[in-house]
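Since the structure comes first, as structure tokens, the remarks are kept for the end.
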There are 2 protein chains.
Amino acid sequence: MANASKIEAKPTPAKPCSVETALDVIGGKWKGVILYHLIDGKKRFSEFRRLYPKLTQFMLTLQLRDLERDGLVHRQVYGEVPPRVEYSLTEYGRTLEPIILAMKAWGQTYQARQGMAAEADQECE
Amino acid sequence: MANASKIEAKPTPAKPCSVETALDVIGGKWKGVILYHLIDGKKRFSEFRRLYPKLTQFMLTLQLRDLERDGLVHRQVYGEVPPRVEYSLTEYGRTLEPIILAMKAWGQTYQARQGMAAEADQECE
DNA sequence: CCCAATAGTATGATTTTTCATACTTAATCT
DNA sequence: AGATTAAGTATGAAAAATCATACTATTGGG
């Protein structure tokens, strides 16, 4: 039927919901944990790889570049060989700290609720 | 998900990082906004459809079922015809309010920073 | 009888993500 | 000379997410 729906299509809002926006920026599969690990100091590329062996180089690069482009993470390249690159939170990135930490706390209650295995993994309890 | 074939060196930590867990639960493309809209009261299925015409029925159903399964959202079915179903936050779901609201506030600063179009859309400014 | 209304399901197709693997670069170590 | 190192790129394949469309049930109204 041609006229099946009376739901009006708004002309695709130029500005999406700000909750949506926030989740676009921090909500990927890995961005949250990357940001979390940056809260307590800068990290090298290889440190992230050690922290999360399941996170491939490709994905790590991708996510870090996104975070950098969005102004949350600073990428410091040292002109050495072998290369050294350090990632850290920008001042703006630090404004996310309360949210990341609140998510961590909430995630813990959720895990407890769902009876998830209780052994802490050492990197992010 | 079956890894019966081989014993892995790292046995795939039973409990992932809690930040990751939280983002699994609230971090989908639509879950954040669904939760946000539930903060100020229950909503019917069709209300969500009006609020977000780009969110298909299929996806809406899927996300709502996830949220229900995770204990965040209550689904109240009234035995009427045509059907009426109301979704609301559970008590546990309400524990997410501060996070959702913080994300909304942060998202606004981000949008301002990125010079996103400033006209508020009425449903989620 | 036929239609409209609501809250979905079912399906196959398409789009987007993610993965595994191999490759690069340039200085230092053996 | 050849191996090693860190921080990536590049590529094609595989997996997952999402979409568009059609379909269901029920019942009051015309």
Side-chain angles (χ1 to χ4, degrees), chain A residues 1-9 12 16 20 23-34 37-38 42-69 73-88, chain B residues 1-3 5-6 8-10 12 16 20 23-34 37-38 42-70 73-88:
Chain A
M1 249 196 158
N3 192 11
S5 169
K6 288 196 167 173
I7 295 171
E8 291 185 7
T12 304
E20 211 180 331
L23 280 171
D24 279 351
V25 177
I26 66 173
K29 186 167 174 43
W30 298 106
K31 286 178 186 172
V33 298
I34 290 173
H37 285 296
L38 286 176
K42 58 192 176 188
K43 295 272 177 300
R44 295 182 61 169
F45 189 85
S46 52
E47 291 185 87
F48 284 119
R49 300 231 53 210
R50 269 186 284 274
L51 247 29
Y52 283 93
K54 299 176 72 174
L55 173 49
T56 62
Q57 280 183 319
F58 181 80
M59 284 307 292
L60 178 55
T61 303
L62 210 66
Q63 307 293 295
L64 285 169
R65 290 296 144 85
D66 279 358
L67 293 170
E68 192 191 357
R69 168 178 46 69
V73 160
H74 173 66
R75 178 167 175 263
Q76 177 70 47
V77 182
Y78 298 89
E80 304 174 358
V81 169
R84 182 156 63 101
V85 179
E86 283 174 355
Y87 294 90
S88 55
Chain B
M1 277 227 178
N3 58 349
S5 60
K6 195 149 200 167
E8 309 209 322
K10 301 249 174 178
T12 305
E20 212 181 329
L23 280 171
D24 279 352
V25 176
I26 66 173
K29 187 166 173 45
W30 298 106
K31 287 178 187 171
V33 298
I34 289 173
H37 285 296
L38 287 176
K42 58 192 176 189
K43 295 272 178 302
R44 295 182 61 169
F45 190 85
S46 52
E47 292 184 86
F48 284 118
R49 300 230 55 210
R50 269 184 283 274
L51 247 28
Y52 283 94
K54 298 176 71 172
L55 172 50
T56 62
Q57 280 183 321
F58 180 80
M59 285 308 293
L60 178 55
T61 302
L62 209 67
Q63 307 293 295
L64 285 169
R65 292 295 144 85
D66 279 358
L67 293 170
E68 191 190 359
R69 168 178 46 69
D70 290 336
V73 160
H74 172 67
R75 178 166 175 266
Q76 177 71 47
V77 183
Y78 298 89
E80 306 174 354
V81 168
R84 182 156 62 102
V85 179
E86 282 174 354
Y87 293 90
S88 55

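Convention: sequence-line order gives letters A, B, ...; per-chain numbering from 1.
Proximity of A:R65 to the phosphate of D:dG8: a side-chain N or O atom is located under 4.0 Å from OP1 or OP2. Phosphate proximity of D:dG8 to A:R75: present, with a side-chain N or O under 4.0 Å from OP1 or OP2. Note on A:S46: every side-chain N or O is 4.0 Å or more away from OP1 and OP2 of D:dA6. At the phosphate of D:dA7, neither OP1 nor OP2 sits under 4.0 Å from any side-chain N or O atom of A:R84.
Atom-to-atom, NZ of A:K54 to P of C:dA20 comes out at 10 Å; the value is rounded to the nearest Å. We find that CG of B:L55 is positioned 8 Å from P of D:dC19, with the value rounded to whole Å. Protein atom NZ of A:K29 is 13 Å distant from nucleotide atom C1' of D:dA17, rounded to whole Å. In this structure, A:E68 atom CD and D:dA7 atom C1' are separated by 13 Å, rounded to whole Å. For A:M59 and C:dT17, the CE to P distance is 9 Å, given to the nearest whole Å. One can place CG of B:L60 at 11 Å from P of C:dT9, the figure rounded to the nearest angstrom. Atom CZ of A:F45 and atom P of C:dT24 are 18 Å apart (whole Å). Between the C1' atom of D:dA25 and the CD atom of B:E80 lies a distance of 15 Å, rounded to the nearest Å.
Between atom CD of residue A:Q57 and atom CZ of residue A:R49 there is a gap of 4.5 Å, rounded to the nearest 0.5 Å. Separating the OH atom in B:Y87 from the CD atom in B:E47 is a distance of 12.0 Å, to the nearest 0.5 Å.
Comparing A:P83 and A:Q57 by the nucleotide of DNA chain C that holds the closest heavy atom to each, the one mapping nearer the 5' end is A:Q57. Where A:F58 and A:V77 each meet DNA chain D at their nearest nucleotide, the meeting point lying more 5' is that of A:V77.
Among C:dC19, D:dT26, D:dA6, the nucleotide with an atom closest to any side-chain atom of B:V81 is D:dT26. Closest approach to the A:P82 side chain among D:dA6, C:dT6, C:dT18 is made by D:dA6 (side chain taken as heavy atoms from C-beta onward).
For the residue pair B:T61 / B:R65, no side-chain donor-acceptor distance below 3.5 Å is found, with atom types taken as modelled.
Backbone-only contact: A:R44 has heavy atoms under 4.0 Å from sugar-phosphate atoms and none from a base. As judged by a 4.0 angstrom heavy-atom cut-off over every strand, B:Y87 is placed among residues touching the sugar-phosphate backbone only.
For the pair A:K43 (side chain) and A:H37 (backbone), a donor-acceptor distance under 3.5 Å is present.
The residues A:R44 and A:E86 are annotated as not salt-bridged, no charged nitrogen and carboxylate oxygen being separated by less than 4.0 angstrom.
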